[in-house]
Amino acid sequence: MLTNEYLKRVYDGLAQRNANEPEFLQAVREVLESIQPVVEKHPEYEKAGLIERLVEPERIITFRVPWVDDQGKVQVNRGYRVQFNSAIGPYKGGLRFHPSVNQGILKFLGFEQTFKNSLTTLPMGGGKGGSDFDPHGKSDMEVMRFCQSFMTELYRHIGQFVDCPAGDIGVGGREVGYMFGQYKRLTNSFQGGMLTGKGLTFGGSLARTEATGYGLCYFTAEALKCMRNDSLEGKTVVISGSGNVAIYAVQKVSQLGGKVLACSDTHGWVEDPDGIDYTVLEHVYNKKRSGHDKGVTLAMYVDEKPNAVWHEGDGRGVWQLPCDIALPCARENTLLLEDAQALVANGCKVVGEGANMPTTIEATTYFQENGVAFMPGKAANAGGVLVSGLEMSQNAEHLSWTFEEVDGKLEQLMRGMFHNVDDTAKEYGQEGNFVMGANIAGFLKVADAMLAQGVC
Ligand code: NDP
């Protein structure tokens, strides 16, 4: 609950001005609630109007994206870039192509990204962008024409010292490649660090594709080790989603000795008594994105794994299974209070958010009140942007590190991040509250930088 008068005043004003942006307000409220003890200790924040500035994006760019489909018909989508906070480095955060994209969702994601990037310890500010374009079922040529048109407007607002986007839902290596090509053409410059998630032949980093899912598992494994002297060995895990984050979380869980029982997509969920096979998920994922095979769903998994069972309908069925660990890796607000109640009743002890804000506030509170170790996405899924930061370092050095080097740094930094979050929670008398630990630790660095830079 918000009890601090200053924070309440800031939040109420924000809620009035942004009443139609519930996800943004949800994300801000969670952070403001967490940082109350810090703000109370530091009256200089109020004096500097720091929180009012922190919750207002530095800049929002909105633009038209016209493109021509394969039938020769003109289509128009809306493009965005939210440049949220550049106190600790150039704006950095993914681009999302999905029909649900709107300004409120991107403001929530850009706000979260600011703290996530701060937690990585790398010098990156927070941003997010995208479009309501849906790449599902589009041909390669349609995706290319869309990406080129999108970049034709975006290019003037980004650059390696200004704003460095990456992928997110609906934006993988293919889309990044098309956008990078168009940026290069428009600016006549090869700026590797301007866009991350690039192909390996033009400055991409090994292990970037796997980074978010792997990082989630390293973070979770460190939590198990530190809190319970335990590991992922022999643990049962359920996962939502079956996209980039989910696939490599499945792979790493099994490498670390655990077993993934089920995963999902927007059409339903699949359970496999032999443990979900990430190679089959990769196959389905690539088929979905190829555009040649419209109507592909995760149901295809059982074609290759006849022991598995497909449940058509709501993917939330995964939360009904007894398990030790749940890793929501789909989208915001897809794990609700009833799901949390079912998970706790069935013995789940650890939840790690692979997606951004997949757990509603009510479900998060329920987990925390029932002894579940809850790892917020802001920290637990930071592996993707972390390796994006490492991609920028390699580009700046004109070097390519090996898979093992990148993966090793990822593991070390994710395990270190867990300790930063854990120690911060303890310092503020909130042992085991990783939401507070992550929010406070992420906030402190940004707040210090903002104070040092004066009113701007
Ligand atoms: P993808 O587009 O690759 O995958 C998303 C997956 O979630 C798809 O399988 C999709 O199914 C499924 N999905 C979406 N909504 C639902 C739902 N309501 N129920 C069940 N399944 C659903 O995205 P990513 O894996 O890249 O991203 C997932 C989340 O992780 C997002 O919140 C993103 O912001 C976050 N994230 C991603 C990072 C990255 O490096 N990729 C980094 C940090 C965070 P379908 O195919 O049917 O649409």
Side-chain angles (χ1 to χ4, degrees), residues 23 27 92-101 105-106 108-110 112-113 116-117 119-120 128-130 134-137 165-176 196-197 205 207-216 219 238-250 262-270 276 281-282 284-289 295-301 311-319 327-336 339 352-360 376-389 391 410 414:
E23 294 86 1
K92 174 111 199 101
L95 296 170
R96 178 178 289 193
F97 292 169
H98 191 272
S100 65
V101 164
I105 296 230
L106 295 177
F108 127 61
L109 289 164
E112 291 274 298
Q113 194 82 44
K116 184 188 302 188
N117 292 358
L119 285 170
T120 65
K128 200 84 186 185
D134 185 2
H136 274 113
D168 190 68
I169 293 179
V171 179
R174 172 182 60 170
E175 290 77 10
V176 168
T196 55
S205 175
R208 172 61 187 91
T209 309
E210 294 85 352
T212 309
Y214 278 21
L216 171 65
F219 193 92
V238 295
I239 290 186
S240 65
S242 46
N244 173 268
V245 179
I247 293 171
Y248 299 103
V250 169
C263 63
S264 60
D265 74 357
T266 50
H267 302 275
W269 59 286
V270 70
I276 296 287
L281 293 185
E282 270 185 335
V284 176
Y285 178 78
N286 290 333
K287 215 153 192 200
K288 269 188 188 177
R289 287 170 57 78
V296 173
T297 73
L298 184 58
M300 217 185 91
Y301 183 94
H311 303 268
E312 185 87 26
D314 196 336
R316 281 169 55 218
V318 291
W319 308 132
L327 303 176
C329 299
R331 254 184 69 192
E332 60 278 359
N333 293 329
T334 45
L335 195 165
L336 315 184
D339 307 321
E353 291 191 315
N356 286 312
M357 212 169 72
T359 317
T360 61
K378 212 172 263 133
N381 73 30
V385 73
L386 212 158
V387 172
S388 276
E391 182 175 331
L410 170 68
M414 289 305 294

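Numbers here simply count residues along the sequence, with the first being 1. For ligands, and for the atoms within them, numbers begin at 1 and follow the listed sequence.
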Among all protein heavy atoms, pick out the one at the shortest distance from [atom]; state its residue, atom name and that distance to 0.1 Å.
{"atom": "atom 35 (C) of ligand 1", "value": "N356 ND2, 3.7 Å"}
{"atom": "atom 25 (O) of ligand 1", "value": "V245 N, 3.0 Å"}
{"atom": "atom 26 (O) of ligand 1", "value": "N244 CB, 3.7 Å"}
{"atom": "atom 22 (C) of ligand 1", "value": "A330 CB, 3.5 Å"}
{"atom": "atom 14 (C) of ligand 1", "value": "T266 CG2, 3.7 Å"}

Notebook entry, point to check: What atoms of ligand 1 come closer than 4.0 angstrom to any heavy atom of D168?
Noted result: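 That gives atoms 33 (C), 34 (O), 36 (N), 37 (C) of ligand 1.
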
Next item on the list: Using a strict 4.0 Å cut-off to heavy atoms of C329, name the atoms of ligand 1 that fall inside it.
Entry: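 Going through ligand 1 atom by atom, the ones under 4.0 Å from C329 are 28 (C).
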
Under 3.5 Å between any N/O of [X] and any N/O of ligand 1: does that happen in this structure?
{"X": "K128", "value": "no"}
{"X": "R331", "value": "no"}
{"X": "E332", "value": "no"}
{"X": "N381", "value": "no"}

Margin query: For N356, run the side chain to side chain donor-acceptor pair (under 3.5 Å) check against R331, K116, K378 and tell me which one passes.
Written below: K116

Notebook entry, point to check: Considering all protein heavy atoms, does one lie under 4.0 Å from atom 10 (C) of ligand 1?
Noted result: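 No.
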
Using a heavy-atom cut-off of under 4.0 Å, does the side chain or the backbone of [X] touch ligand 1, or both, or neither?
{"X": "H136", "result": "side chain"}
{"X": "I169", "result": "both"}
{"X": "T212", "result": "side chain"}

Margin query: Ring-plane angle category for Y248 and Y214, please: parallel below 30°, perpendicular beyond 60°, tilted otherwise.
Written below: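 Because their plane-to-plane angle is over 60°, the rings of Y248 and Y214 count as perpendicular.
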
Notebook entry, point to check: Between G241 and C263, which heavy-atom pair has the shortest distance, and what is it?
Noted result: O-CB, 3.4 Å

Check: Would you call E332 and R96 a salt bridge, using N to O less than 4.0 angstrom?
Finding: yes

